[in-house]
Amino acid sequence: MKLHLDDAELVACVGCGLCLPHCPTYRVTGEEIASPRGRIAAMRAIVDERAPLNASFVAAMDACIQCRACEAACPSGVQFGHLMEDTRAALAPQRSRRRRAVEWVGYRALLPNRRVLGFATRATAIGQRLRLVPKRFGLPPLPLRAPETLTADAAPDAYLFTGCVMDAWQRDTHRAALRVMRATNARVGLPDAGADCCGALHVHAGRYDDAVRLAGRVISAFPGDAPIVVDSAGCGAALLDYGRLLDTEAARQFSARVVDFSTWLVSRQLTLTPSDTVVVVQDPCHLRHVQHAHEPVAAGLRAGYDVRTTADDGLCCGAGGAYSAFQPELSEAVRARKVAAIRAAAGGVATFVVASANPGCAMHLAAAGLDVRHPAELLEARLGND
Amino acid sequence: MCFPSTTADVAFAVTTANRFAIPFVARGSGTGLAGGATPLDGALVIVTTRMNQILEIDADARRAWVEPGVLNLDLTRAVSHLGLHYAPDPSSQQACTIGGNVGTNAGGPHCLAAGVTSAHVLAVEVVLPDGTVEILGGLAPDAPGLDLRGTFVGSEGTMGIATRVCVRLMPDPPEIRTMLADFTAIEDAAAAVSAIIAAGIVPAALEMMDAQATAAVEDFVHAGLPRDADAVLLVEVGGLHGGVTHDASAIDAICRDHGARTVRIAADATERALLWKARKSAFGAVARIAPDYYLHDAVVPRTKLVQVIRQVYEISARYELIAMNVFHAGDGNLHPLLVFDGRTPGIWERVHAAGDEILRACIDAGGVLSGEHGIGLEKRDAMPLFFSADDLDVQARLRDAFDPDGLANPDKILPRGSRCGELGAIPDGAWV
Ligand SMILES: Cc1cc2nc3c(=O)[nH]c(=O)nc-3n(C[C@H](O)[C@H](O)[C@H](O)COP(=O)(O)OP(=O)(O)OC[C@H]3O[C@@H](n4cnc5c(N)ncnc54)[C@H](O)[C@@H]3O)c2cc1C
Ligand code: SF4
Ligand code: SF4
């Protein structure tokens, strides 16, 4: 069993430690092995055959949330995201049978099949009502009925990417995004069949073959050259990386069309009715550290709200896609830090709303008792109609 | 390795180490550049990262008690709403701990005017090498008795472990002006540094980066730094409006007189933060040039800056190595970095040979071994270059007074053979 990592990427870490304070798992444990520098050193030791690839190595890799805050903080430009994805890919065959079975159901059966996911959602929703679904799974209350379908405009100026879990569980967010986009006089299209899942979670788990197949389907579901607006930070980061993943001209052209919802709005005209509701903006990692596109969120909301930002350099909330399910303890410790930073930003007001541009973060923070909304919903609520 | 969360935990770890006669090493964030926190001979590593609470802030008395694992920048952030800050700001300030700063007596860009760590530590609670807990120093401006606090600060974990630190907090200056001057010849930049100091101005910070460093950090921060400059100076002045305006225009004029192409003034706090981020990322950005670096930390008289910088480039060119210079120019604290790819066969020999020559050039210019990073493991064997046998013996005896059994971070700072009577054990390659 060997790790195949890009040697140049691996040696690019000079060990300066400037990434340490940005790493959520280092922050809550204080342990070098839970830090980016420690993880890179561990990978290097395996590649140089100075250490065995054993259970403690696997545990150290699995404890990483893949938030990529370290990558944004690294002056030497270490591509930590790639290193970790490649490591996960090498570890996948090593997993226990149970974990492989769970992953197969999730990655192969549920996420890429809209109908199967819809069915599973309904079944889980019924289970929740019957109190059969343990609370520790951290799931939000799921819709019992299939949500109303969204309508597309012909000859679109822009597309809205809908995705998998978000479309099944939070379609109302998409509905709000559509309304806001249309309020700027845009004609908004929806993807053709096939764009069921962007493959972000597959890439994070190192399941490149699955991810490549899904990416191919997504690309062909968006004909023309209209921008593809994404209201999920995690999906947006994945779509922007298709160029690298598929390494084709078509994929690179596709990625060049991808833009985050709030960034797209910057060049549009939108009138909001002001209010004094306090909104604390949470920066999803894949918006801030990967897409470097977090600033338009707060900027866009300012016309309608009293907007506050946290003073933690965009530290992760601990959701991390499937992370919160596989690493509940660390995930909760990281979330506790985030919740404290959010409350500090709110500055003592009794009621406030948290804006989160990523469905995973939103669910994770809501489970800690915060009132979390997507920026699209917050904008929709203040659309200028007075 | 252990992760104590209280003073009692640390004392227990140290006592246990004593019982089994194993050495122990304190460790903060491990950003040290001299190998001070590297464990040798199976030493017990006592990591302070979980002792990360700010215990008490007294805004009126401008001081705070903190645990050693508190990160330097976190402390400043925690007091900034009070209009205060913790002055010593190593370029690693976002990552390094106050305990590590005390251990190395760390400096930073703003120490030019404010002084280094020792000037900002009022008292330290330490677990001494035998496991007893003492407070060194005191809250009075001049604590009575011998200044043991001053001895402890900079002792790199060889005299015990700091478990609580009382730091001085400084009021934020009412006005700050940050300037970036861009030169086509590094000699001109160095001459401007001397001229600024000679004019009687004490800038809050006065930093220089050469062409290599400027290009590497610009790739990371995108601050609009001039990629074609041979050197840039980052100068900051702070204080009351009148003084700041006066100093800033004097510095502007001096830089231009010395050939600066442009002098850019940061328009707002964001731009200022960006310029500092550029400067403080320099060491971390070297892998954009090559993946390994070897670094010295010598202080040379400011008047010799130009001469020594020239020698550094000449020596590294002779060994076919890339040299990068980024340093605290105001106090002559050079950081010549040799940047290379450690996977190249035979490169380490070249690096060490060039490193030794650079060090000797610094000494010949009247310099000293370390400005701020400490001696640790890396500079240890060069100590006899600066200190006579008697000097080393006195230092060794002072250390023995704190640590008679030699368990606290042994084999750091002082080379084997420092004590009189063990001269026979001088390591190979050390010059006596
Ligand atoms: C990018 C970069 C820039 C830097 N810039 C500067 C700079 O501008 N100025 C500067 O001075 N340094 C600088 N440094 C060096 C380093 O950051 C400092 O020496 C810092 O003080 C080390 O802190 P640390 O928490 O990482 O300590 P560590 O590296 O963990 O330890 C350093 C030493 O202190 C001892 N120590 C740690 N904790 C304690 C304790 N609680 N009690 C007693 N001893 C202890 C250790 O045993 C060791 O000898 C830089 C380093 C990097 C990587
Ligand atoms: S900031 Fe980059 S180079 Fe420095 S330790 Fe982290 S990953 Fe390595
Ligand atoms: S990706 Fe996030 S959790 Fe993982 S090492 Fe980097 S900062 Fe830490």
Side-chain angles (χ1 to χ4, degrees), chain A residues 5-23 25-38 40-41 44 47-48 56 69-80 83 292 295 299 309-315 333 337 340-341 344-345 347-348, chain B residues 1-5 27-33 37 45 47-52 69 71-74 77-78 80-81 90-97 100 213 216-222 277-295 337 339 341-343:
Chain A
L5 301 178
D6 183 323
D7 200 38
E9 282 186 357
L10 202 53
V11 299
C13 172
V14 296
C16 66
L18 293 183
C19 52
L20 299 188
H22 301 273
C23 174
T25 56
Y26 177 74
R27 276 289 183 153
V28 299
T29 62
E31 292 181 33
E32 182 73 16
I33 188 62
S35 81
R37 183 176 65 182
I40 293 171
R44 219 153 152 172
V47 168
D48 297 349
S56 58
C70 50
E71 195 174 305
C74 174
S76 272
V78 170
Q79 299 290 303
F80 188 87
L83 288 172
H292 308 290
E295 276 164 359
T309 52
T310 58
D312 59 356
D313 300 317
L315 200 70
R337 265 190 95 91
Chain B
M1 198 177 318
C2 61
F3 295 87
S5 35
R27 179 184 160 104
S29 300
T31 66
L33 293 169
V45 183
V47 187
T48 63
T49 50
R50 290 197 187 152
M51 301 176 73
N52 59 3
L71 303 186
N72 179 306
L73 186 59
D74 284 358
R77 284 187 175 173
S80 63
H81 68 284
S91 302
S92 54
Q93 79 182 124
Q94 54 169 307
C96 61
T97 65
V217 296
E218 177 58 14
D219 285 344
F220 172 54
V221 294
H222 308 293
K277 185 174 178 188
R279 163 61 187 92
K280 294 191 173 183
S281 303
F283 291 162
V286 296
R288 293 184 187 268
I289 305 171
D292 295 285
Y293 68 87
Y294 182 80
L295 153 88
L337 281 95
V339 186
D341 186 339
R343 295 168 296 179

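Sequence lines set the chain letters: A, B, ... in the order given, protein chains first and strands last, and positions in each chain run from 1. None of these values were measured; they are calculated from a predicted model.
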_Arg343(B) side-chain N/O to Pro291(B) backbone N/O, donor-acceptor pair under 3.5 Å_ = no
*So which heavy atom on Ala341(A) is nearest to which on Asp312(A), and how close?*
CB-OD2, 3.6 Å
*Pick one of side chain, backbone, both or neither for Leu18(A), based on which atoms fall under 4.5 Å of a heavy atom in chain B.*
both
*What part of Lys280(B) gets closer than 4.5 Å to chain A, counting heavy atoms only: side chain, backbone, both or neither?*
backbone
*Counting only heavy atoms closer than 4.5 Å, note whether Cys74(A) contacts chain B via side chain, backbone, both or neither.*
backbone
*Checking Val286(B) against chain A: side chain, backbone, both or neither under 4.5 Å from a heavy atom?*
both
*Between atom CG of Asp74(B) and atom CZ of Arg27(A), what is the distance when rounded to the nearest 0.5 Å?*
4.0 Å
_Distance (rounded to the nearest 0.5 Å) between Ser92(B) OG and Leu33(B) CG_ = 7.0 Å
_Leading residue by heavy atom contact count with chain A [cutoff under 4.5 Å; candidates Gly284(B), Cys96(B), Ala287(B)]_ = Gly284(B)
*What are the two closest non-hydrogen atoms of Asp313(A) and Arg77(B), and how far apart are they?*
OD2-NH1, 3.1 Å
*From Gln93(B) atom CD to Leu73(B) atom CG, the distance as rounded to the nearest 0.5 Å*: 5.0 Å
_Which atoms of Arg50(B) approach chain A - backbone, side chain, both or neither, heavy atom under 4.5 Å_ = side chain
_Euclidean distance, Glu71(A) CD relative to His22(A) NE2, rounded to 0.5 Å_ = 13.5 Å
*Who wins among Ala216(B), Ala282(B), Gly32(B), Ser281(B) for the most heavy-atom pairs under 4.5 Å with chain A?*
Ser281(B)
*Nearest 0.5 Å, what's the CE-CD distance between Met1(B) and Glu32(A)?*
8.5 Å
*asked:* Looking at chain A, which one of Tyr293(B), Phe220(B), Phe3(B) has the largest number of heavy-atom pairs inside 4.5 Å, strictly under?
replied: Phe220(B)
*Thr49(B) side-chain N/O to Gly30(A) backbone N/O, donor-acceptor pair under 3.5 Å*: yes
*So which part of Phe283(B) gets closer than 4.5 Å to some heavy atom of chain A, the side chain, the backbone, both or neither?*
backbone
*Under 4.5 Å heavy-atom distance to chain A, tell me which part of Ser91(B) shows up: side chain, backbone, both or neither.*
backbone
*Measuring heavy-atom distances to chain B, does Ala72(A) have an atom under 4.5 Å in its side chain, in its backbone, in both, or in neither?*
backbone
*Which one of Leu71(B), Val47(B), Asp219(B) has the most heavy-atom pairs closer than 4.5 Å to chain A?*
Leu71(B)
*asked:* If I measure from the heavy atoms of chain A, does Asp341(B) come under 4.5 Å with its side chain, its backbone, both, or neither?
replied: neither
